[in-house]
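For reference, the structure discussed in these notes is given below.
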Number of protein chains: 2
Amino acid sequence: MPKDGTATKELILDCTQELVYERGFSATTLDLVLEKAKLTKGAFFHHFKSKDDLATSLIERYLIGEAMLLNSLVERAEQVTRDPLQQVLAMIGFLIDDIDTGGPLSKGCLFASYAFELAEFDENVRALSKRGFTKWREVIGDKFEKAMEKYQPKIPVSAMDLTENMLASFEGGIVIFRMEGSPHIISHSMIAFRNYVSLLFDAD
Amino acid sequence: MPKDGTATKELILDCTQELVYERGFSATTLDLVLEKAKLTKGAFFHHFKSKDDLATSLIERYLIGEAMLLNSLVERAEQVTRDPLQQVLAMIGFLIDDIDTGGPLSKGCLFASYAFELAEFDENVRALSKRGFTKWREVIGDKFEKAMEKYQPKIPVSAMDLTENMLASFEGGIVIFRMEGSPHIISHSMIAFRNYVSLLFDAD
DNA sequence: ATTAAAACATACTAAAAGGTATGTCAATAC
DNA sequence: GTATTGACATACCTTTTAGTATGTTTTAAT
């Protein structure tokens, strides 16, 4: 058996993701990727069937990472407290930490990047992108529903509302970040949402 | 004097904006635009020097529209009440109305679309995009500062924080909207921010 | 009516993009 | 050591895309 090429494939995906964050997927040409990775066409088409395959592989890898992060957040939050509301607040806190310490979320969100050129992707990639959101909605939505069985919000809102608001707060931070440059805006946005939830349920 | 071509130019800009919302600017080829507008290359390059010029003209037109909308919001809010906090809440209400009645904001946000492929644009376009955000920040920020001279927030936050949170709430709604399809999510996100401000200052 | 000039259409060009064909090298099993 | 196979590099091809060159139509002032 010959040598291992998985490192090269990961390198291509890394370089692609960085470029996608900067200029979107369509403008991320293979030449740009290969220049950044210091590789050639031969290397690329050995690991990927096409540019579409690259888009698919990238979002698939991203989905795995996000799922792991989400699981980690839930697990850590459940170790802190048994109260579902406090668990959500803790999860937001962990997210803020991740962003402020230069974690993966401080670099951007591939779901958001893809969302702004959805029509360019095939049905499979679109489905995968949406699945990312769905996963977060299910997990966070569950926590909010349990929280609302226990506590009454001061203003009538649904668990689904809160869940979408949380995702929107994060993604909105990403947009401002892309425009302004400082990832701290992302955590600021999450802090605001945490404040909102705190006030809404009179927590803390 | 020959006939008037401004309608054609506007048509090209309209078609471009729709396509940019769907697939981003880079993937919006001139052929796609001209097919949608039922025009030809000749028409395009008569009105625009280049595709870069198209990007510039599009964001310039968008900036003018946004500035008018913002002025309208402020004027209407100032007619409703003299209280700066209530003015902000009123402005958010008007925004929600605009979105729910199929206004321009329910179609997308060009600042956000551009933000995800910033590296593809020249310095001029980047500056114009940022100016859009800056304008909103100045106007809304001013209202929040005056509101905080009068009222104490229950949780310590700055006027700039709130301003950025408001913009992030809107843009976050846009991201989810792009992914899911229903523009109502945008207004839901704005409602959540309005709730936040209400709770924060004990308004209503 | 003539004409000038803007408002387009048509046909083409050049370069950039994705993709292919083919070859070389390196690691491992035998 | 040799053969085999994956991991790349190089050179080329093809299509797409922005852009150009040139021609035709339309409008309105004279």
Side-chain angles (χ1 to χ4, degrees), chain A residues 1-20 22-59 61 113-114 117 119-125, chain B residues 1-20 22-59 61 113-114 116-125:
Chain A
M1 281 178 200
K3 62 180 167 181
D4 186 23
T6 54
T8 304
K9 187 166 184 177
E10 288 297 306
L11 174 65
I12 293 175
L13 288 171
D14 290 343
C15 293
T16 303
Q17 188 161 327
E18 268 190 59
L19 287 164
V20 169
E22 291 168 6
R23 51 212 316 140
F25 185 79
S26 297
T28 297
T29 67
L30 301 184
D31 286 340
L32 271 172
V33 172
L34 295 169
E35 183 191 19
K36 194 181 185 78
K38 293 191 190 301
L39 292 167
T40 61
K41 287 273 171 77
F44 179 84
F45 284 98
H46 176 73
H47 292 287
F48 303 94
K49 285 193 310 228
S50 62
K51 201 195 172 188
D52 279 5
D53 185 32
L54 176 65
T56 308
S57 299
L58 191 63
I59 192 74
R61 187 183 72 156
S113 286
Y114 273 33
E117 33 188 349
E120 271 297 293
F121 298 109
D122 57 47
E123 199 49 58
N124 183 34
V125 170
Chain B
M1 280 177 197
K3 61 179 169 182
D4 187 23
T6 55
T8 304
K9 187 166 184 177
E10 287 298 306
L11 175 65
I12 294 176
L13 288 171
D14 290 344
C15 294
T16 303
Q17 188 161 327
E18 267 190 59
L19 287 164
V20 169
E22 291 169 7
R23 55 215 310 142
F25 185 79
S26 297
T28 297
T29 67
L30 301 184
D31 286 340
L32 272 172
V33 172
L34 295 170
E35 183 191 17
K36 195 181 187 78
K38 296 191 188 299
L39 292 167
T40 60
K41 286 275 170 74
F44 180 84
F45 283 99
H46 176 74
H47 292 287
F48 302 95
K49 285 192 311 224
S50 63
K51 200 194 173 189
D52 279 5
D53 185 31
L54 176 64
T56 308
S57 299
L58 191 64
I59 192 74
R61 188 184 71 156
S113 286
Y114 272 32
F116 282 89
E117 31 189 352
L118 263 194
E120 271 297 292
F121 298 109
D122 56 48
E123 199 49 60
N124 182 35
V125 170

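Chain letters run A, B, ... following the sequence lines, proteins first, then strands; residues in each count from 1. Atoms considered below: every heavy atom in the structure, side chains included; atoms not considered: hydrogens, waters and symmetry mates. Keep in mind that what you see is a predicted model, and the values were worked out from it rather than measured.
The nearest whole Å value for the distance from the CD atom in B:E35 to the C1' atom in D:dT16 is 14 Å. In this entry the distance linking CG of B:D31 with P of C:dA9 reads 13 Å, nearest Å. Atoms NZ (A:K38) and P (D:dA9) sit 12 Å apart, rounded to a whole Å. Atom CG in A:L34 sits roughly 12 Å away from atom P in C:dA17 (whole-Å rounding). A straight line from CG of B:L32 to C1' of D:dT16 spans 11 Å, rounded to a whole angstrom. In this structure, A:K9 places its NZ atom 15 Å from C1' of D:dC8, rounding to the nearest Å.
Taking CD of A:E22 as the start and OG of A:S113 as the end, the distance is 10.5 Å to the nearest 0.5 Å.
Within the 4.5 Å cutoff, the side chain of A:L13 has no heavy atoms near those of the A:T16 side chain. A heavy-atom distance below 4.5 Å is found between the side chains of A:Y114 and A:L58.
Taking side-chain N and O atoms only, A:H46 has a distance below 4.0 Å to OP1 or OP2 of D:dA7. For D:dG6, the OP1/OP2 oxygens have no side-chain nitrogen or oxygen of A:H47 closer than 4.0 Å.
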Donor-acceptor contacts, no H, no angles, side chain residues 45-56 of chain B, under 3.5 Å, sequence neighbours left out:
residue, atom, partner, partner atom, Å
B:S50, OG, B:D52, N, 3.4
B:S50, OG, B:D53, N, 3.2
B:K51, NZ, B:F25, O, 3.1
B:K51, NZ, B:S26, O, 3.4
B:K51, NZ, B:T28, O, 3.2
B:D53, OD2, B:K49, N, 3.0
B:T56, OG1, B:D52, O, 2.9

Output side-chain donor-acceptor pairs under 3.5 Å for residues 31-40 of chain A, partner residues at least two apart or in another chain, one line each.
residue, atom, partner, partner atom, Å
A:K36, NZ, A:E18, OE1, 3.3

- Item | Summary of protein contacts for nucleotides 19-24 of chain C, nucleotide by nucleotide, where a base hit scores B, a sugar-phosphate-only hit scores S (4.0 Å, heavy atoms) | BB----

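Between C:dC8, C:dG18, D:dT17, one nucleotide has an atom nearer to the side chain of B:T29 than all others, and that is D:dT17.
A:T40 comes within 4.0 angstrom of a base, heavy atoms only.
Minimum heavy-atom separation, B:Q17 to B:R61: OE1-NH2, 3.3 Å.
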